[in-house]
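The structure under discussion appears below in the form of structure tokens.
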Amino acid sequence: MHIAMSYERIGGEAVIRRLVDRFYDLMDEDPDYFGVRKLHPQDLTHSRQKLFMFLSGFTGGPSLYTEKYGEPRMRTRHMPFAIGIPERDQWLSCMGRAMVDVGLDEELCKKLAMAFYQTADFMRNQPE
């Protein structure tokens, strides 16, 4: 799934990097995101880089993730982690705040939020 022409609208590499950094900073700082934070390693360096690479291609920019790791197969890669509705919703809330904090316009936030919801909901592997 690619979000047509969003890479340029977002602001390209620099803004995607700021978005990812803000996302993980919020996850570290805000106890509301503890459920999703505990699914990540203590050192978020690798997680930050992988999400940056993924979002680059996801938004229509360079396919950095695919070039390095192959097809994302996101559901398969996330199967080892217990992801239910609370984790999905925490991830989405954290990303929503990060998008606002880095200054993405409201229309773009809505477009990305819909795409992120579809992807995050697909990652769920725990019963409701």
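Rounding to the nearest 0.5 Å places CE of Met99 at 10.5 Å from SG of Cys94. Note: Leu92 CG to Tyr117 OH = 8.0 Å, rounded to the nearest 0.5 Å. One distance of note links OG1 of Thr59 with CD1 of Ile10; it measures 4.5 Å at 0.5 Å rounding. Here the straight-line distance linking atom CD1 of Ile16 with atom CZ of Phe23 works out to 14.0 Å at 0.5 Å rounding. Distance CG/Asp30 to CD/Gln90: 9.5 Å, rounded to 0.5 Å.
Counting only residues at least two apart or on different chains, the side chain to side chain donor-acceptor pair (under 3.5 Å) pairs with a member in residues 69-79 are Tyr65-Arg77. Listed by first then second residue, pairs satisfying side chain to side chain donor-acceptor pair (under 3.5 Å) with a partner in residues 32-41 read Asp28-Arg37, Tyr33-Ser93, Tyr33-Arg97, not counting sequence neighbours. For residues 55-66, there are no salt bridge (Lys or Arg N to Asp or Glu O under 4.0 Å) pairs, not counting sequence neighbours.
By the rule that hydrophobic residues join a cluster once side-chain heavy atoms approach within less than 4.5 Å of another member, Phe81 and Phe54 end up as members of one cluster. Residues Met79 and Met123 do not share a hydrophobic cluster, defined by chaining ILVMFWY side chains whose heavy atoms lie under 4.5 Å apart. Cluster annotation: Ile83 and Phe122 are assigned to the same hydrophobic cluster (Ile/Leu/Val/Met/Phe/Trp/Tyr, side-chain heavy-atom contacts under 4.5 Å, transitive).
Partners of Asp101 according to the side-chain hydrogen bond (donor to acceptor under 3.5 Å, both in side chains) rule, which considers only residues two or more places apart in sequence or in another chain, are Arg22. Take Gln49 and apply the side-chain contact (heavy atoms from CB on, under 4.5 Å) test, not counting sequence neighbours, and it matches Arg17, Phe52, Met53. Every residue two or more places apart in sequence or in another chain was checked for a side-chain contact (heavy atoms from CB on, under 4.5 Å) with Gln42, and none qualifies. Every residue meeting the side-chain contact (heavy atoms from CB on, under 4.5 Å) condition with Pro62, not counting sequence neighbours, appears here in chain and number order: Tyr7, Ser56, Leu64. Partners of Glu13 by side-chain hydrogen bond (donor to acceptor under 3.5 Å, both in side chains), not counting sequence neighbours: none found. Legend: residues meeting side-chain contact (heavy atoms from CB on, under 4.5 Å) with Arg18, ordered by chain and number and at least two apart, are Val15, Val102. The side-chain hydrogen bond (donor to acceptor under 3.5 Å, both in side chains) search around Asp121 returns Arg88, Arg124, not counting sequence neighbours.
Counting heavy atoms from C-beta outward, Glu87 and Asn125 have side chains that stay 4.5 Å or more apart. By the 4.5 Å heavy-atom criterion applied to side chains, Leu104 and Val100 are not counted as neighbours. Side-chain atoms of Leu19 and Tyr24, non-hydrogen and from C-beta on, never get closer than 4.5 Å to each other.
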Leu112 vs Cys109, side-chain contact (heavy atoms from CB on, under 4.5 Å): CA-CA, chis, key distance, verdict:
CA-CA 5 Å; Leu112 288 169; Cys109 285; 6.0 Å; no

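Ion pairing between Arg48 and Asp25 holds under the 4.0 Å rule for side-chain N and carboxylate O. Between Lys111 and Glu107 no salt bridge is recorded (no basic side-chain N to carboxylate O distance below 4.0 Å).
The two residues Leu26 and Ala98 make their nearest non-hydrogen contact at CD1-N, 3.7 Å.
For CD of Glu29, the number of neighbouring non-hydrogen atoms (other residues, nucleotides, ligands) closer than 6.0 Å is greater than 12.
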